[in-house]
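Here is the structure we will look at, set down as structure tokens.
Here the structure is a predicted model, which means the values were calculated and not measured. Here is the naming used below: chain letters follow the sequence lines, and residue numbers restart at 1 for every chain.
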Amino acid sequence: MKNKELAALFSRIGDALEIKGEMGFKIIAYRRAARILEDLTDDIEKIARENKLQEIPGIGSGIAKKIEEYLKTGQMEKYKEALSEIPESLLNLLEIQNLGARTLHLAHNELGVKNLEDLKRVIKNGSLVKLYGLGEKKAENIKKGIEIYEQAQERIPIFEAVNIVEEVIEYLQKCSYISRLSPAGSLRRMKETVGDIDILAAGTNGAQIIRYFTQFPGVSRVLAAGETKGSAMISTQRSERQVDLRIVDESEYGAALQYFTGSKAHNIKLRSMAREKGFKISEYGVFRGDKKIAGYDEEEVYKTLNLPLIPPELREDRGEIELALQGHPPQVVNYSDIKGDLHIHSRYSDGSLSLREIAELAKELGYEYIAICDHSQSAKYAYGLTSERLKQQIKEIDQLNQELKEIKLLKGTEVDILQDGQLDFPNEILKELDIVVAAIHSGFKKNVTERILRAMDNPFVTIIAHPSGRLISKREGYDVDLEKILQEAKSKQKALELNAYYDRLDLNEFYLKKAKEQGIKISIGTDAHYAGGFQMMRFGVGIARRAWLEKKDILNCLSHNQLIRTKNI
DNA sequence: GCCGTTTTCGGCCCGACTGTTTTCAGTCG
């Protein structure tokens, strides 16, 4: 699929045009096209073949032609032209805070700045300051921006961001000046990684609130502390992360929360709609003329546009507004719809809990059932179970199920897909189980696609675990053709896993949405190895919501009876 | 470059802050 390639090209064209000084809406159009391509679930080549490029909102005749040109020739004239005078090394500098396209344009044209080294030099030798519109302070701010750019942290995994935000919020709740409080930004939208951590508070005495915030025990450095905004570095065991707190008046809280939650694209769409209706939306409220007509809570804001409240996870301008306008927004899955966890490890293999402890925890979480899926014999590193030990485990599960009334343990395995595509247990064992989760754990570059396809031939396999094999902060994933896996899952009626472990979140939202569109069932499993791991379910549900999955798309939203009766997923 | 139930031309989200300036441009979120 060339979707991402094209997205990158258009994004760079946008950047280059901006630096060239071609201010205006072309730049916005190219960047919008880039984002649309980035999000697109369908193969752009297929759409082009069917002559339907211009049916995509945001793609007009100009960009359609450029897409066709690239698909045909592997080149794009406009890209070459836009990049002809602007070196790539200059484009990257747009990421530096306090340094925008206009200044970069000047520095490039007047001083011949081509890269970071050049930029540092012209700051040091004082030539940047002499440019029209620049001064000492601006140069100083750009210098600070460069410092941050150079030590730029990678994005923050959602798991870590949520942990930090919850600690800070728990602390802030004790501040008597604060009346309402919420996480905002991409964290509230549950993106798999977030760039920064935003919190919104409503309150009366901004300066006092910010002072209280900066006294949070985890704060290692205060970056800014005014009356409406505070910003601090908070250190965790892993690293130092920036947390921003904004204070608004209580009457504006809803509009501010809507605004600071984003996404930017979603907000722009709403504001355009408001404008057409003769309203104006800002972070202070919805206005008709000078009269404020909404702002206290988010629901009000959406209502002025005849929209129901759109869940934060959906706010990406991927068609959610249009569907909501037609009166049927996606009825995405809720955490409370989850009836059980279909991927748990016990002490039998490399987990830390006994079967009884797992059952107790599952009961506390309100689950109906929980699937014990320990590793199979070839997974030596994880104390994989031999057939004999699996039989022993089956026996213990049967006994516990006799005894425990409020929770059902499901007999399962996370069986290795071996190098030749065979499964690590014979069918005589697999047929004794309620659930068979098949997974690649070795040979990541060896015919992974064929091996998974072969595993799906086995009638006892229920679910393919972590289908792409990626680890968000560590590795890319297997060499696997997920399109083929999706096709086969559809035809063989197998479920695919959404592994909810924070570093996996695999399948990702892109393929989850594709799977849903093809009618493939998804199983959300935490892959928990210890008690804390059970909590990962919320991230799985968050990503599922981002992919527009509904209750009916998810295997573990079925009741125990339904699940057991479902021979064919 | 895109788009249209006021428009096929003339619009395109909104506001704060900062620093450079005498009324505004650049940058950010």
Side-chain angles (χ1 to χ4, degrees), chain A residues 10-11 13-14 17-19 21-37 53-67 76 78 81-82 93-107 128-142 144-145 148 184-187 194-200 206 224 226-229 231 242 244-248 252 255-287 295 301 305 317 321 325:
Chain A
F10 287 129
S11 168
I13 292 175
L17 292 184
E18 194 175 20
I19 294 175
E22 262 186 66
M23 292 307 284
F25 295 94
K26 279 189 191 183
I27 297 162
I28 294 174
Y30 278 116
R31 291 196 174 140
R32 194 196 307 143
R35 197 183 51 76
I36 289 164
L37 283 162
L53 287 174
Q54 290 193 54
E55 288 178 21
I56 305 170
I59 309 282
S61 60
I63 288 183
K65 271 204 192 104
K66 293 180 179 71
I67 294 175
M76 195 188 291
K78 180 73 186 180
E81 179 203 316
L93 303 186
L94 277 176
E95 284 171 35
I96 296 172
Q97 296 242 324
N98 308 319
L99 173 64
R102 292 299 304 164
T103 312
L104 222 41
H105 172 68
L106 267 180
L128 189 76
V129 184
K130 296 203 185 82
L131 293 179
Y132 181 78
L134 277 100
E136 288 293 342
K137 289 207 170 165
K138 265 206 165 155
E140 193 52 40
N141 284 335
I142 293 170
K144 278 186 197 157
I148 295 171
S186 51
L187 184 148
V194 303
D196 56 8
I197 298 173
D198 295 311
I199 301 177
L200 180 72
E227 289 184 12
T228 59
K229 188 182 165 186
S231 189
Q242 184 174 337
D244 293 339
L245 174 66
R246 283 165 192 279
I247 316 293
V248 298
E252 299 160 349
L257 184 58
Q258 196 288 319
Y259 171 72
F260 286 117
T261 298
S263 67
K264 189 170 179 167
H266 176 90
N267 286 354
I268 288 174
K269 176 70 73 67
L270 287 189
R271 288 175 179 203
S272 301
M273 283 172 56
R275 167 185 276 264
E276 279 165 27
K277 286 178 181 278
F279 304 147
K280 185 186 66 178
I281 299 182
S282 77
E283 55 264 53
Y284 301 106
V286 184
F287 298 87
V301 173
L305 297 173
D317 189 23
I321 295 172
L325 268 180

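Comparing atom distances between the Ile63(A) side chain and each of dC13(B), dC2(B), dG29(B) picks out dC2(B) as nearest. Of all nucleotides listed (dG15(B), dC2(B), dT20(B)), dT20(B) comes nearest to the side chain of Lys138(A). Here the side chain of Ser282(A) is nearest to one of dC3(B), dG15(B), dC13(B), namely dG15(B). Side-chain proximity of Glu283(A) to the nucleotides dT20(B), dC13(B), dG15(B) is greatest for dG15(B). Comparing atom distances between the Arg102(A) side chain and each of dT27(B), dG19(B), dG1(B) picks out dT27(B) as nearest. Closest to the side chain of Tyr30(A), out of dG26(B), dG1(B), dC3(B), is dG1(B).
Ion pairing of Arg31(A) with Glu18(A) is present here, as a side-chain N (NZ or NE/NH1/NH2) and a carboxylate O approach within less than 4.0 Å.
Put simply, CD1 on Ile28(A) is 7 Å from C1' on dC12(B), counting in whole angstrom units. Rounded to whole Å, the distance from CD on Glu55(A) to C1' on dC3(B) is 16 Å. Summarising the geometry, the separation between CD1 on Ile67(A) and P on dG1(B) is reported as 13 Å, rounded to the nearest angstrom. Summarising the geometry, the separation between CG on Asn267(A) and C1' on dC28(B) is reported as 15 Å, rounded to the nearest angstrom. If you take CZ of Phe260(A) and P of dA16(B), they are 11 Å apart, rounded to a whole angstrom. In this structure, the CD atom of Glu18(A) is 9 Å from the P atom of dC28(B), given to the nearest Å. Note: CD (Gln258(A)) to P (dG15(B)) measures 14 Å, nearest angstrom. In this structure, the NZ atom of Lys26(A) is 15 Å from the C1' atom of dG10(B), given to the nearest Å.
Side-chain contact between Leu134(A) and Val129(A) is absent, with no heavy atoms from C-beta onward closer than 4.5 Å.
Here dT8(B) sits opposite no nucleotide as a Watson-Crick or G-U wobble pair (both hydrogen-bonding atom distances under 3.5 Å).
Atom OG of residue Ser231(A) and atom CD1 of residue Ile197(A) lie 11.0 Å apart, to the nearest 0.5 angstrom. With rounding to the nearest 0.5 angstrom, the CD1 atom of Ile268(A) is 12.5 Å from the CD1 atom of Ile281(A).
With DNA chain B read from its 5' end, the first of the two nearest nucleotides for Lys264(A) and Ile96(A) is the one closest to Lys264(A). Heavy-atom nearest nucleotides on DNA chain B were determined for Asn141(A) and for Ile59(A), and the one closer to the 5' end corresponds to Ile59(A).
Between Ser272(A) and the phosphate of dC13(B), there is a side-chain N or O to OP1/OP2 separation shorter than 4.0 Å. Phosphate proximity of dC12(B) to Arg275(A): present, with a side-chain N or O under 4.0 Å from OP1 or OP2. For Gln54(A) and dC2(B), the shortest distance from a side-chain N or O to OP1 or OP2 is not below 4.0 Å.
dG11(B) and dT6(B) have their C1' atoms separated by 13 Å, with the value rounded to a whole Å. When the P atom is compared between dT5(B) and dG1(B), the two are found 23 Å apart, to the nearest whole Å. Using atom C1' as the reference point in both dC14(B) and dC9(B), the two lie 25 Å apart (nearest Å). Separation of the C1' atoms belonging to dT18(B) and dT23(B) is 15 Å when rounded to the nearest angstrom. To the nearest whole angstrom, the two P atoms, one in dT8(B) and one in dG4(B), are 13 Å apart. Only the P atoms considered, dT20(B) is 12 Å distant from dT27(B), to the nearest whole Å. For dT7(B) and dC2(B), the C1' atoms lie 14 Å apart once the distance is rounded to whole Å. For the C1' atom pair drawn from dT21(B) and dG26(B), the interatomic distance equals 13 Å after rounding to whole Å.
Residues Asn267(A) and Tyr259(A) approach most closely at ND2-O, 3.0 Å, considering heavy atoms. What you find for Lys66(A) and Met76(A) is that their closest heavy atoms are O-CE, 3.7 Å.
In this structure, Ile268(A) reaches the bases: a heavy-atom distance under 4.0 Å links it to at least one base atom across the strands shown. Ser61(A) comes within 4.0 angstrom of sugar-phosphate atoms only, judged by non-hydrogen atoms across all strands, and of no base. Across all strands shown, Leu270(A) has no heavy atoms under 4.0 Å from either base or sugar-phosphate atoms. Note on Lys78(A): nothing from the nucleic acid sits closer than 4.0 angstrom, heavy atoms only.
Under the 90° criterion around 0 for the glycosidic angle, dT21(B) counts as anti.
Looking at Asn98(A), its side chain does come within 3.5 Å of a backbone N or O of Asn141(A) through a donor-acceptor pair.
Counting atom types as modelled, Tyr259(A) pairs a side-chain N or O with a base atom of dG29(B) as donor and acceptor under 3.5 Å.
The local environment of CD in Gln54(A) is crowded, with over 12 non-hydrogen atoms from other residues, nucleotides or ligands closer than 6.0 Å.
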